[in-house]
Amino acid sequence: MVNQNPDTNEQKQPEESLREIEERYRTFFEESRDAIYIVDRDGKIIDVNLATVDLMGYTKEETLNMNVVEFYVNPSDRSKFQQEIEKIGSVKDYEVKFRKKDGTELNCLLTSAVRRAADGSILGYQGIVREMSESRRADEELSIGEWMSSGEWMGKLTDYIHDVTERKRADEELSIGEWMSASEWMTKLTDYTENLERLVEERTLELRESEERYRGLYDSSKDGIVSVDMDGKLLECNQAFAEMLDYTKVELYLLTYWDLISENWHETQTKIVNEQVLTRGYSDEYEIEGIKKDKTIFQVSLRTWLIKDKDGEPTGMWSIVRDITERKQAEQEIFQLNEDLQRRAVELEALNKELETFSYSVSHDLRAPLRSISGFSQALLEDYLEKIDVEGQDYLQRVRAASIRMGELIDALLGLSRITRSEIHRENTDLSEITKEFIKELQEAEPERQVEIIITPELVANCDPRLLRAVLENLISNAWKFTGKKPVAKIEFGAIERDGKTAYFVRDNGAGFDKAYADKLFGAFQRLHSKDDFKGIGIGLATVKRIIHRHGGSVWAEGEVDKGATFYFTL
């Protein structure tokens, strides 16, 4: 009896080889740290990798219902980009703005290539995206690969088809049965063979297109990609890996993996291969030192995967490699900055202790003589008034007033110092209620004044209530003071949105100030008005600034002379 079943093992060999290739590049596609997408000619997304999902914020299912133009901040960029890529076949490091799902805009570098059918017609495009913060892409050319040309593939497939058609059922004529004539059998055999050839060809083309798709991504990747056998001999690498090490590909194929990493890291590499790659098939991301052609040592990060044959036996490994020299330098700079910051923090703590000592000195050592000056001046005026002429009395009054003012300045400085040193205890605080309570105190002290008060209700902020009370009292006191000469004064407390943050404000229609001197407003003892016109010592706004800065916010002012002023602050 002649076996009428085809030799299925031999039929599967080309398909299995192509599937192995497809799976290898599919793994690269999914594991790449760069965002990669594949679209048809109209821009409809066919496939994306996990890095695209992470970068753009969409789920994979969402992207497969989208057109790639939806990624672009300026859709017209897509049209110009498509025209350019269709002219030259590929575009590298094209600068473009993408918009994430949450609206965040990203400055990106896009490397893309045309995907073509066997007849040369355009099927679509493939793109690799990296944020601009990453390094620029190296110039790369798309290729089918040096280890297997398209001619070799087609040769193998042709040989295979001939084998199938010539060997099938050669000795089956005697056992085919009386119900089927030789001619009928030959007709069916011919139909079977032609159908088999067609199926093999279709599947081969399908797998080849898939292989070329991922091969193009492999060759255009900005990260280095390298495969080695189990002894470490290089089998294949992309252009990025060769350029990273300053070798040509030909030179690299004469080397082993061990020639390209620092000897100090051989033990670590061996340990990772034994404990991770051989055990579970892949490694976690790790860092080692690479060696360039000129013996320069540089830092790289990589992940490694195991390659197995069809029987499950390890035949080699492949890795995705990234140069992290710049990142390491940045980390070192940050480390140094943190060291400097810690040193300065220690110095600042020492200075604060000195300031505290000075404050106590001011409080105790200077107050006593000031009290003496003020007290003896007052005693002379009271007990020796008749013995001192009018001019002498005036001098004594000035001495006493100056000593009192100096005491006020000392109190203000001490208060400013305490604000700087005191700890902040945040809680949700109703600023509207604090404002309302303080204005009530001012109205009770001067009931004769006509002031229009506008307070936006329920303005709540997370802050230190004690310190924010001081802010509001200083700002509202100023508004109350500088509207004192207005027949109908107006004071308002409210909030606006500024650069995505809530900015609180106190506005009045009082004396205002010259814009040219706005930067002096928040300095200690800075005054833009005569003390004869408006009383004060010039410490209130400096206090406001320090409190707001301690809350991580900012404070600024707008105003015009005789047209009022508005003071804003954020937290």
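Relative to the ring axis of Phe298, Arg322 does not place its NZ or CZ within 45° and under 6.0 Å from the centre. A cation-pi arrangement is absent between Lys97 and Tyr72, since the terminal nitrogen or guanidinium carbon is not both under 6.0 Å from the aromatic centre and inside a 45° cone about the axis.
In terms of heavy-atom proximity, Thr502 sits nearest to Glu497 at OG1-OE2, 3.2 Å. Heavy atoms only, all atoms of each residue included: Leu245 and Leu260 are closest at CD1-CD1, 3.9 Å.
Salt-bridge annotation for Lys440 and Glu437: absent, with no side-chain N of the basic residue lying under 4.0 Å from a carboxylate O of the acidic one. Between Lys60 and Glu30, at least one side-chain N (NZ, or NE/NH1/NH2) sits under 4.0 Å from a carboxylate O, which counts as a salt bridge. Ion pairing of Glu243 with Lys292 is absent here, as no side-chain N (NZ or NE/NH1/NH2) approaches a carboxylate O to less than 4.0 Å. Between Arg327 and Glu287 there is a salt bridge, with a side-chain nitrogen of the basic residue lying less than 4.0 Å from a carboxylate oxygen of the acidic one. With respect to the salt-bridge test (charged N to carboxylate O, under 4.0 angstrom), the residues Arg343 and Glu339 do not qualify. A salt bridge does not link Arg99 with Glu70: none of the charged nitrogens is closer than 4.0 Å to a carboxylate oxygen. Of the charged side-chain nitrogens involved, none lies within less than 4.0 Å of a carboxylate oxygen, so that Lys486 and Asp562 do not count as a salt-bridged pair. Contact check on Lys100 versus Glu105 returns no salt bridge, with no Lys/Arg side-chain nitrogen under 4.0 Å from an Asp/Glu carboxylate oxygen. Using a cut-off of 4.0 Å between Lys/Arg side-chain N and Asp/Glu carboxylate O, Arg398 and Asp394 are scored as salt-bridged.
Side-chain polar atoms of Thr429 and Arg469 form no donor-acceptor pair below 3.5 angstrom. For Thr325 and Asp323, the side-chain atoms include at least one donor-acceptor pair closer than 3.5 Å.
Side chain of Ser403 to backbone of Ala401: no donor-acceptor contact under 3.5 angstrom is found. Not a single donor-acceptor pair under 3.5 Å links the side chain of Asp223 to the backbone N or O of Ile320.
For the ring-ring contact (aromatic ring centres under 6.0 Å, His included) test, residues two or more places apart in sequence or in another chain that qualify with Trp556 are Tyr568. Residues forming a ring-ring contact (aromatic ring centres under 6.0 Å, His included) with His266 (at least two apart in sequence, or on another chain): Trp258. For Tyr286, the side chain to side chain contact (heavy atoms under 4.5 Å, CB included) partners two or more places apart in sequence, or in a different chain, are Tyr257, Gln269, Ile272, Ser283, Ile288, Leu302, Thr304.
Atom CD of Glu386 sits in a sparse spot, with 12 or fewer heavy atoms from other residues, nucleotides or ligands closer than 6.0 Å. Other residues, nucleotides and ligands place no more than 12 heavy atoms under 6.0 Å from the NZ atom of Lys501. At most 12 heavy atoms of other shown residues, nucleotides or ligands fall within 6.0 angstrom of atom CD in Glu263.
Here Leu55 contributes atom CG and Cys108 contributes atom SG; the two are 5.5 Å apart, rounded to the nearest 0.5 Å.
Ring planes of Phe71 and Phe98: tilted class, angle from 30 to 60°.
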